[in-house]
Student: 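Sharing a structure with you now.
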Amino acid sequence: MSLIRESLQNKGISARAQELILQSWREGTQKQYRTYLQRWTTFSSGRNTDPIQPAISEVIDFLTELFDSGLGYNDNKTVGSHPLVNRFLKAVFNNRPSIPRYQSVWDPTSVLTYLQTFPPLESISLKELTHKLVMLIALVTGQRCQSFHLMDITSMQKNTDHYKFLIKDIVKQSAPGRNLPELILPAFPADGRVCVYSVLSEYIKCTAPLRGGETRLFISFVKPYQAVSRDTISRWIKNVMIKAGIDVEVFKPHSTRAASTSKANACQVPIDVILKAASWKGDCTFRKFYNKPIEDNVSRFGQAVLGTSINV
(Lines give C-alpha, C1' and ligand atoms only; values in the text may rest on other atoms or scores of the structure.)
Protein backbone atom coordinates (compact mmCIF):
# COMPACT_ATOMS: atom_id res chain seq x y z
CA MET A 1 0.00 0.00 0.00
CA SER A 2 3.04 2.29 -0.40
CA LEU A 3 1.43 4.22 -3.26
CA ILE A 4 -1.62 5.05 -1.15
CA ARG A 5 0.63 5.95 1.79
CA GLU A 6 2.56 8.36 -0.44
CA SER A 7 -0.69 9.96 -1.59
CA LEU A 8 -1.77 10.48 2.02
CA GLN A 9 1.62 11.89 2.92
CA ASN A 10 1.40 14.41 0.07
CA LYS A 11 -1.90 15.59 1.53
CA GLY A 12 -0.16 16.38 4.83
CA ILE A 13 -1.67 13.44 6.75
CA SER A 14 0.38 12.50 9.82
CA ALA A 15 2.19 9.17 9.97
CA ARG A 16 -0.12 7.86 12.74
CA ALA A 17 -3.22 8.91 10.81
CA GLN A 18 -1.81 7.22 7.69
CA GLU A 19 -1.51 3.95 9.60
CA LEU A 20 -5.12 4.15 10.75
CA ILE A 21 -6.46 5.08 7.31
CA LEU A 22 -4.59 2.20 5.68
CA GLN A 23 -6.27 -0.16 8.15
CA SER A 24 -9.63 0.75 6.59
CA TRP A 25 -8.72 -1.61 3.75
CA ARG A 26 -8.97 -5.19 4.98
CA GLU A 27 -6.36 -7.75 4.06
CA GLY A 28 -8.51 -9.32 1.34
CA THR A 29 -9.19 -5.93 -0.25
CA GLN A 30 -5.51 -5.01 -0.17
CA LYS A 31 -4.67 -8.30 -1.85
CA GLN A 32 -7.28 -7.61 -4.53
CA TYR A 33 -5.94 -4.11 -5.24
CA ARG A 34 -2.24 -4.93 -4.98
CA THR A 35 -1.85 -6.37 -8.47
CA TYR A 36 -3.39 -3.35 -10.18
CA LEU A 37 -1.58 -0.81 -8.04
CA GLN A 38 1.66 -2.54 -8.99
CA ARG A 39 0.65 -2.48 -12.65
CA TRP A 40 -0.16 1.23 -12.37
CA THR A 41 3.23 1.92 -10.75
CA THR A 42 5.01 0.04 -13.53
CA PHE A 43 2.93 1.81 -16.19
CA SER A 44 3.53 5.29 -14.78
CA SER A 45 7.23 4.59 -14.25
CA GLY A 46 7.63 3.48 -17.88
CA ARG A 47 6.01 6.73 -19.06
CA ASN A 48 7.74 8.95 -16.52
CA THR A 49 4.31 9.90 -15.15
CA ASP A 50 3.51 11.03 -11.62
CA PRO A 51 1.59 8.02 -10.18
CA ILE A 52 -0.12 10.23 -7.59
CA GLN A 53 -1.31 13.06 -9.85
CA PRO A 54 -1.43 11.71 -13.41
CA ALA A 55 -3.00 13.41 -16.39
CA ILE A 56 -6.41 12.04 -17.34
CA SER A 57 -4.96 10.93 -20.68
CA GLU A 58 -2.52 8.68 -18.82
CA VAL A 59 -5.37 7.16 -16.79
CA ILE A 60 -7.34 6.40 -19.97
CA ASP A 61 -4.28 4.84 -21.61
CA PHE A 62 -3.73 2.68 -18.52
CA LEU A 63 -7.35 1.51 -18.58
CA THR A 64 -6.98 0.74 -22.26
CA GLU A 65 -3.97 -1.41 -21.48
CA LEU A 66 -6.01 -3.31 -18.88
CA PHE A 67 -8.85 -3.77 -21.36
CA ASP A 68 -6.46 -5.09 -24.01
CA SER A 69 -5.12 -7.57 -21.46
CA GLY A 70 -8.59 -9.13 -21.22
CA LEU A 71 -10.18 -7.43 -18.22
CA GLY A 72 -13.89 -6.65 -18.32
CA TYR A 73 -16.25 -4.17 -16.74
CA ASN A 74 -16.62 -3.78 -12.98
CA ASP A 75 -19.09 -1.23 -11.66
CA ASN A 76 -16.95 -0.30 -8.65
CA LYS A 77 -15.69 3.23 -9.31
CA THR A 78 -11.99 2.93 -8.52
CA VAL A 79 -10.51 5.78 -10.63
CA GLY A 80 -12.78 8.67 -9.77
CA SER A 81 -15.74 10.15 -11.55
CA HIS A 82 -14.12 12.05 -14.40
CA PRO A 83 -16.62 12.21 -17.32
CA LEU A 84 -14.07 10.83 -19.77
CA VAL A 85 -13.29 7.90 -17.46
CA ASN A 86 -17.00 7.19 -17.09
CA ARG A 87 -17.44 7.30 -20.85
CA PHE A 88 -14.51 4.93 -21.29
CA LEU A 89 -15.96 2.48 -18.76
CA LYS A 90 -19.30 2.53 -20.56
CA ALA A 91 -17.47 1.50 -23.72
CA VAL A 92 -15.77 -1.32 -21.82
CA PHE A 93 -19.15 -2.45 -20.48
CA ASN A 94 -20.66 -2.49 -23.98
CA ASN A 95 -17.76 -4.57 -25.27
CA ARG A 96 -17.22 -6.81 -22.27
CA PRO A 97 -20.07 -6.60 -19.72
CA SER A 98 -19.88 -7.85 -16.16
CA ILE A 99 -21.38 -11.34 -16.02
CA PRO A 100 -22.14 -13.27 -12.82
CA ARG A 101 -20.11 -16.43 -12.34
CA TYR A 102 -23.20 -18.67 -12.51
CA GLN A 103 -26.25 -18.41 -14.75
CA SER A 104 -27.91 -21.23 -12.82
CA VAL A 105 -27.02 -23.20 -9.73
CA TRP A 106 -27.19 -26.77 -8.48
CA ASP A 107 -30.12 -28.07 -6.47
CA PRO A 108 -29.34 -28.70 -2.75
CA THR A 109 -31.56 -31.79 -2.97
CA SER A 110 -28.74 -33.71 -4.68
CA VAL A 111 -26.35 -32.99 -1.81
CA LEU A 112 -28.98 -33.72 0.85
CA THR A 113 -29.70 -37.05 -0.85
CA TYR A 114 -26.01 -37.92 -0.61
CA LEU A 115 -25.84 -36.88 3.07
CA GLN A 116 -28.76 -39.17 3.83
CA THR A 117 -26.56 -42.14 2.89
CA PHE A 118 -24.07 -41.48 5.70
CA PRO A 119 -23.94 -43.98 8.59
CA PRO A 120 -26.12 -43.33 11.65
CA LEU A 121 -24.63 -40.88 14.14
CA GLU A 122 -23.86 -43.62 16.66
CA SER A 123 -21.51 -45.34 14.17
CA ILE A 124 -20.28 -42.52 11.94
CA SER A 125 -16.55 -41.73 11.70
CA LEU A 126 -15.27 -38.33 12.82
CA LYS A 127 -14.27 -37.50 9.24
CA GLU A 128 -17.74 -38.28 7.88
CA LEU A 129 -19.35 -36.45 10.79
CA THR A 130 -17.22 -33.38 10.11
CA HIS A 131 -17.97 -33.37 6.39
CA LYS A 132 -21.67 -33.83 7.00
CA LEU A 133 -21.82 -31.05 9.57
CA VAL A 134 -19.95 -28.45 7.54
CA MET A 135 -22.10 -29.04 4.45
CA LEU A 136 -25.33 -28.90 6.43
CA ILE A 137 -24.24 -25.65 8.06
CA ALA A 138 -23.36 -24.22 4.65
CA LEU A 139 -26.82 -25.09 3.32
CA VAL A 140 -28.95 -23.99 6.27
CA THR A 141 -27.18 -20.66 6.84
CA GLY A 142 -26.24 -19.43 3.36
CA GLN A 143 -23.04 -18.03 4.86
CA ARG A 144 -19.40 -17.98 3.71
CA CYS A 145 -16.56 -20.35 4.66
CA GLN A 146 -15.06 -17.40 6.51
CA SER A 147 -17.99 -17.46 8.94
CA PHE A 148 -17.74 -21.23 9.47
CA HIS A 149 -14.02 -20.85 10.22
CA LEU A 150 -14.86 -18.26 12.91
CA MET A 151 -17.61 -20.27 14.64
CA ASP A 152 -16.63 -20.61 18.30
CA ILE A 153 -18.24 -22.73 20.98
CA THR A 154 -17.79 -19.90 23.49
CA SER A 155 -20.24 -17.87 21.37
CA MET A 156 -22.73 -20.72 21.02
CA GLN A 157 -26.22 -20.84 22.48
CA LYS A 158 -28.11 -24.13 22.65
CA ASN A 159 -31.89 -23.90 22.65
CA THR A 160 -34.53 -26.60 22.52
CA ASP A 161 -35.09 -26.20 18.79
CA HIS A 162 -31.95 -24.53 17.45
CA TYR A 163 -28.32 -23.63 18.04
CA LYS A 164 -27.20 -20.04 17.61
CA PHE A 165 -23.63 -18.89 16.89
CA LEU A 166 -22.68 -15.22 17.09
CA ILE A 167 -19.69 -14.33 14.90
CA LYS A 168 -17.75 -11.73 16.86
CA ASP A 169 -14.84 -11.33 14.46
CA ILE A 170 -14.71 -8.98 11.47
CA VAL A 171 -16.05 -10.68 8.34
CA LYS A 172 -16.57 -9.57 4.75
CA GLN A 173 -20.11 -8.33 5.48
CA SER A 174 -19.06 -6.37 8.59
CA ALA A 175 -19.68 -2.64 8.43
CA PRO A 176 -20.46 0.23 10.82
CA GLY A 177 -24.08 0.09 11.90
CA ARG A 178 -24.57 -3.50 10.77
CA ASN A 179 -25.22 -6.24 13.32
CA LEU A 180 -22.75 -9.07 13.73
CA PRO A 181 -23.74 -12.25 11.82
CA GLU A 182 -25.80 -14.85 13.65
CA LEU A 183 -25.80 -18.43 12.40
CA ILE A 184 -29.03 -20.28 13.23
CA LEU A 185 -28.91 -24.09 13.06
CA PRO A 186 -32.46 -25.42 13.45
CA ALA A 187 -33.64 -28.81 14.60
CA PHE A 188 -35.27 -30.80 11.80
CA PRO A 189 -37.20 -33.72 13.35
CA ALA A 190 -38.89 -34.50 10.03
CA ASP A 191 -35.67 -36.21 8.86
CA GLY A 192 -32.96 -36.92 11.41
CA ARG A 193 -30.54 -37.90 8.64
CA VAL A 194 -30.15 -34.24 7.68
CA CYS A 195 -30.91 -32.61 11.03
CA VAL A 196 -28.05 -30.17 11.54
CA TYR A 197 -29.05 -29.76 15.21
CA SER A 198 -28.52 -33.49 15.89
CA VAL A 199 -25.33 -33.66 13.82
CA LEU A 200 -23.87 -30.66 15.66
CA SER A 201 -24.77 -32.14 19.05
CA GLU A 202 -22.96 -35.36 18.13
CA TYR A 203 -19.96 -33.44 16.79
CA ILE A 204 -19.58 -31.42 19.98
CA LYS A 205 -19.78 -34.61 22.05
CA CYS A 206 -17.23 -36.48 19.90
CA THR A 207 -14.70 -33.64 19.74
CA ALA A 208 -14.91 -32.59 23.40
CA PRO A 209 -12.14 -34.97 24.59
CA LEU A 210 -9.90 -34.01 21.63
CA ARG A 211 -10.00 -30.25 21.92
CA GLY A 212 -7.74 -29.43 24.82
CA GLY A 213 -8.28 -25.69 25.10
CA GLU A 214 -9.40 -25.18 21.50
CA THR A 215 -12.71 -23.30 21.24
CA ARG A 216 -13.12 -22.95 17.48
CA LEU A 217 -15.95 -25.24 16.42
CA PHE A 218 -14.19 -26.99 13.55
CA ILE A 219 -11.02 -28.91 14.35
CA SER A 220 -9.08 -31.40 12.25
CA PHE A 221 -10.24 -35.00 12.41
CA VAL A 222 -6.63 -36.24 12.71
CA LYS A 223 -4.00 -35.46 15.31
CA PRO A 224 -3.16 -32.94 16.69
CA TYR A 225 -6.89 -31.97 16.37
CA GLN A 226 -6.24 -28.25 15.98
CA ALA A 227 -8.53 -25.55 14.63
CA VAL A 228 -8.62 -25.64 10.84
CA SER A 229 -8.25 -22.84 8.30
CA ARG A 230 -10.91 -21.39 6.04
CA ASP A 231 -9.24 -23.14 3.09
CA THR A 232 -9.55 -26.52 4.82
CA ILE A 233 -13.26 -25.97 5.40
CA SER A 234 -13.62 -25.04 1.74
CA ARG A 235 -11.89 -28.30 0.74
CA TRP A 236 -14.28 -30.29 2.95
CA ILE A 237 -17.27 -28.70 1.22
CA LYS A 238 -15.72 -29.39 -2.17
CA ASN A 239 -15.18 -33.03 -1.22
CA VAL A 240 -18.87 -33.43 -0.37
CA MET A 241 -19.90 -31.69 -3.59
CA ILE A 242 -17.77 -34.06 -5.67
CA LYS A 243 -19.24 -37.14 -4.02
CA ALA A 244 -22.74 -35.73 -4.44
CA GLY A 245 -22.17 -35.40 -8.18
CA ILE A 246 -21.78 -31.60 -8.37
CA ASP A 247 -19.44 -30.42 -11.15
CA VAL A 248 -16.72 -28.64 -9.17
CA GLU A 249 -15.06 -27.48 -12.39
CA VAL A 250 -18.08 -25.21 -12.78
CA PHE A 251 -19.23 -24.69 -9.19
CA LYS A 252 -16.87 -23.67 -6.41
CA PRO A 253 -17.50 -24.29 -2.68
CA HIS A 254 -18.78 -20.73 -2.37
CA SER A 255 -21.69 -21.74 -4.64
CA THR A 256 -23.41 -23.27 -1.59
CA ARG A 257 -24.38 -19.68 -0.78
CA ALA A 258 -26.20 -19.26 -4.08
CA ALA A 259 -27.66 -22.78 -4.02
CA SER A 260 -29.20 -22.48 -0.56
CA THR A 261 -30.50 -18.92 -0.88
CA SER A 262 -31.94 -19.59 -4.35
CA LYS A 263 -33.67 -22.72 -3.03
CA ALA A 264 -35.10 -20.81 -0.08
CA ASN A 265 -36.37 -18.12 -2.45
CA ALA A 266 -37.95 -20.77 -4.68
CA CYS A 267 -39.66 -22.18 -1.57
CA GLN A 268 -41.17 -18.71 -1.04
CA VAL A 269 -39.20 -17.85 2.08
CA PRO A 270 -39.67 -14.07 2.56
CA ILE A 271 -36.82 -12.03 1.16
CA ASP A 272 -36.15 -10.33 4.51
CA VAL A 273 -35.58 -13.74 6.12
CA ILE A 274 -33.12 -14.72 3.37
CA LEU A 275 -31.24 -11.43 3.65
CA LYS A 276 -30.95 -11.76 7.43
CA ALA A 277 -29.79 -15.39 7.25
CA ALA A 278 -27.10 -14.61 4.67
CA SER A 279 -26.12 -11.26 6.28
CA TRP A 280 -26.98 -9.09 3.29
CA LYS A 281 -27.97 -5.51 3.96
CA GLY A 282 -30.20 -5.23 0.88
CA ASP A 283 -31.57 -7.47 -1.83
CA CYS A 284 -29.49 -5.99 -4.68
CA THR A 285 -26.51 -8.32 -4.13
CA PHE A 286 -28.77 -11.35 -3.72
CA ARG A 287 -30.78 -10.67 -6.86
CA LYS A 288 -27.77 -9.77 -9.00
CA PHE A 289 -25.28 -12.44 -8.00
CA TYR A 290 -26.94 -15.21 -5.96
CA ASN A 291 -30.59 -15.68 -6.90
CA LYS A 292 -30.28 -18.21 -9.72
CA PRO A 293 -32.61 -20.71 -11.36
CA ILE A 294 -32.20 -24.16 -9.80
CA GLU A 295 -30.94 -26.70 -12.27
CA ASP A 296 -33.53 -29.16 -13.42
CA ASN A 297 -38.84 -17.04 11.59
CA VAL A 298 -35.26 -17.89 12.95
CA SER A 299 -35.51 -21.39 11.58
CA ARG A 300 -37.56 -20.77 8.43
CA PHE A 301 -34.53 -20.37 6.17
CA GLY A 302 -32.84 -23.61 7.27
CA GLN A 303 -36.13 -25.49 7.48
CA ALA A 304 -36.99 -24.62 3.87
CA VAL A 305 -33.64 -25.89 2.57
CA LEU A 306 -33.70 -29.11 4.61
CA GLY A 307 -37.33 -29.74 3.72
CA THR A 308 -36.31 -30.55 0.15
CA SER A 309 -34.92 -33.87 1.39
CA ILE A 310 -38.28 -35.25 2.52
CA ASN A 311 -39.64 -38.09 0.39
CA VAL A 312 -36.34 -38.35 -1.50
Side-chain angles (χ1 to χ4, degrees), residues 108 111-112 114-169 171 180-240 243 253 256-257 260 277-279 297-303 305-307 309:
V111 172
L112 293 170
Y114 168 65
L115 295 179
Q116 288 172 328
T117 67
F118 277 44
L121 294 182
E122 58 268 18
S123 59
I124 196 171
S125 69
L126 182 56
K127 178 179 179 179
E128 291 174 314
L129 182 63
T130 302
H131 284 186
K132 186 170 190 174
L133 177 61
V134 73
M135 179 53 86
L136 285 173
I137 290 178
L139 291 178
V140 303
T141 65
Q143 288 280 346
R144 302 171 177 273
C145 287
Q146 180 188 25
S147 296
F148 311 149
H149 163 63
L150 296 173
M151 293 174 73
D152 198 293
I153 57 179
T154 62
S155 301
M156 177 185 75
Q157 298 176 16
K158 183 178 181 180
N159 301 282
T160 56
D161 62 349
H162 70 276
Y163 279 95
K164 178 190 291 186
F165 284 86
L166 179 64
I167 305 300
K168 296 183 178 180
D169 300 79
V171 295
L180 295 170
E182 288 184 351
L183 274 62
I184 305 297
L185 309 179
F188 191 66
D191 189 344
R193 296 173 298 174
V194 289
C195 176
V196 66
Y197 185 94
S198 299
V199 175
L200 175 57
S201 297
E202 182 67 19
Y203 182 80
I204 292 173
K205 182 179 74 173
C206 290
T207 58
L210 308 175
R211 291 183 170 276
E214 181 55 61
T215 61
R216 291 293 192 198
L217 175 63
F218 286 110
I219 62 174
S220 58
F221 42 76
V222 294
K223 291 181 178 181
Y225 305 113
Q226 295 177 336
V228 296
S229 68
R230 179 172 56 183
D231 289 340
T232 295
I233 292 174
S234 180
R235 284 196 299 272
W236 289 345
I237 292 175
K238 181 179 179 179
N239 180 274
V240 175
K243 293 183 178 180
T256 56
R257 192 160 160 84
S260 61
S279 300
N297 133 358
V298 294
S299 298
R300 293 182 68 184
F301 178 84
Q303 291 278 3
V305 175
L306 293 177
S309 70

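All of these numbers come straight from a predicted model, not from anything done at the bench.
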Student: Does any non-hydrogen side-chain atom of Ile184 lie less than 4.5 Å from one of Thr141?
Tutor: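 Not in contact.
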Student: Would Arg235 and Thr232 count as having a side-chain donor-acceptor pair, cut-off 3.5 Å?
Tutor: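 Yes, Thr232 and Arg235 have a side-chain donor paired with an acceptor closer than 3.5 Å.
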Student: Nearest 0.5 Å please: distance from the CD atom of Gln143 over to the CZ atom of Phe165.
Tutor: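 Gln143 CD to Phe165 CZ: 13.0 Å, rounded to 0.5 Å.
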Student: Going by heavy atoms in the side chains, are Gln146 and Ile167 under 4.5 Å from each other?
Tutor: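 The answer is no; the side chains never approach within 4.5 Å.
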Student: Does the His149 side chain pair with the main chain of Val228, one donor and one acceptor, at a distance under 3.5 Å?
Tutor: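 Yes; at least one donor-acceptor contact below 3.5 Å.
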Student: Would you say the side chain of Leu217 lies within less than 4.5 Å of the side chain of Ile137, judging by non-hydrogen atoms?
Tutor: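 They are in side-chain contact.
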Student: Hey, are the side chains of Leu126 and Val222 touching, using non-hydrogen atoms and a 4.5 Å cut-off?
Tutor: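 Contact flag for Leu126/Val222 side chains = no.
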Student: Ring centres of Tyr114 and Phe118 under 6.0 Å apart?
Tutor: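 So the answer is yes for these two rings.
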Student: If you round to the nearest 0.5 Å, how far is OG1 of Thr117 from NZ of Lys243?
Tutor: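 Rounded to the nearest 0.5 Å, the NZ-OG1 separation comes to 9.5 Å.
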Student: Over all heavy atoms of both residues, which pair between Ser260 and Gly142 is shortest? Give the atoms and the distance, please.
Tutor: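 So the two residues come closest at OG-CA, 3.4 Å.
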Student: Looking at residues at least two apart in the chain, or sitting in another chain, which of them share a side chain to side chain contact (heavy atoms under 4.5 Å, CB included) with Ser123?
Tutor: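 Checked Ser123 against side chain to side chain contact (heavy atoms under 4.5 Å, CB included); matches are Pro119, Pro120.
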Student: Classify the ring geometry of Phe218 against Tyr203: parallel below 30°, tilted from 30° to 60°, perpendicular beyond 60°.
Tutor: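 Answer is tilted, since the angle falls between 30° and 60°.
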Student: Flag the pair Met151 / Arg216 as yes when at least one side-chain heavy-atom distance between them is below 4.5 Å, and no otherwise.
Tutor: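 Not in contact.
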Student: If you take all heavy atoms of Ile153 and Glu214, which pair is closest and at what distance?
Tutor: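 So the two residues come closest at CD1-O, 4.3 Å.
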Student: Less than 4.5 Å apart, any side-chain heavy atom of His162 and any of Leu185?
Tutor: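 Heavy-atom side-chain distance check fails, nothing below 4.5 Å.
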Student: Do Cys206 and Leu129 come close enough that some side-chain heavy atom pair is under 4.5 Å?
Tutor: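 Cys206 vs Leu129: side chains touch.
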Student: Begin with the C-alpha distance, continue with both residues' side-chain angles, and end with the deciding distance and a verdict on side chain to side chain contact (heavy atoms under 4.5 Å, CB included) for Lys132 and Val196.
Tutor: CA-CA 9 Å; Lys132 186 170 190 174; Val196 66; over 6 Å; no
Student: Taking side chain to side chain contact (heavy atoms under 4.5 Å, CB included) as the definition, give me every residue that meets it alongside Thr154, ordered by chain and number, with sequence neighbours left out.
Tutor: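 Testing Thr154 for side chain to side chain contact (heavy atoms under 4.5 Å, CB included), a comparison that skips the adjacent residues, returns Asp152, Thr215.
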Student: Tell me if a side-chain donor or acceptor on Thr207 pairs with a main-chain N or O of Leu210 at a distance below 3.5 Å.
Tutor: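 Side chain of Thr207 to backbone of Leu210: no pair is present.
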Student: Report the C-alpha distance between Leu200 and Leu136 in whole Å, list the side-chain angles of each, state the deciding distance to 0.1 Å, and finish with yes or no for side chain to side chain contact (heavy atoms under 4.5 Å, CB included).
Tutor: CA-CA 10 Å; Leu200 175 57; Leu136 285 173; over 6 Å; no
Student: Check whether any side-chain heavy atom of Leu183 sits under 4.5 Å from a side-chain heavy atom of Lys164, and report yes or no.
Tutor: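 The answer is no; the side chains never approach within 4.5 Å.
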Student: Can you find a side-chain donor-acceptor pair between Ser198 and Ser201 that sits under 3.5 Å?
Tutor: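 Ser198 vs Ser201: no donor-acceptor pair found between side chains.
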Student: I need the full list of salt bridge (Lys or Arg N to Asp or Glu O under 4.0 Å) pairs touching residues 194-208, with sequence neighbours left out, sorted by first then second residue.
Tutor: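 Of all non-adjacent pairs touching residues 194-208, those that pass salt bridge (Lys or Arg N to Asp or Glu O under 4.0 Å) are Glu202-Lys205.
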Student: Run the numbers on Ile219 and Arg211 for side chain to side chain contact (heavy atoms under 4.5 Å, CB included), then give the verdict.
Tutor: CA-CA 8 Å; Ile219 62 174; Arg211 291 183 170 276; 3.6 Å; yes
Student: Does Arg230 have more than 12 heavy atoms from other residues, nucleotides or ligands lying within 6.0 Å of its CZ?
Tutor: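 Incorrect, the count does not exceed 12.
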Student: About how many Å separate CG of Leu115 and CZ of Arg193, when rounded to the nearest 0.5 Å?
Tutor: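 Those atoms lie 10.5 Å apart.
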Student: Taking Tyr163 for the side chain and Ala187 for the main chain, is one N or O donor matched with an acceptor at less than 3.5 Å?
Tutor: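 Side chain of Tyr163 to backbone of Ala187, a donor-acceptor pair under 3.5 Å: no, none is there.
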Student: Are Trp236 and Phe221 near enough that their ring centres are under 6.0 Å apart?
Tutor: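 Yes, close enough.
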Student: Drop me the distance from Ile233's CD1 to Lys238's NZ, to the nearest 0.5 angstrom.
Tutor: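 Answer rounded to 0.5 Å: 16.0 Å.
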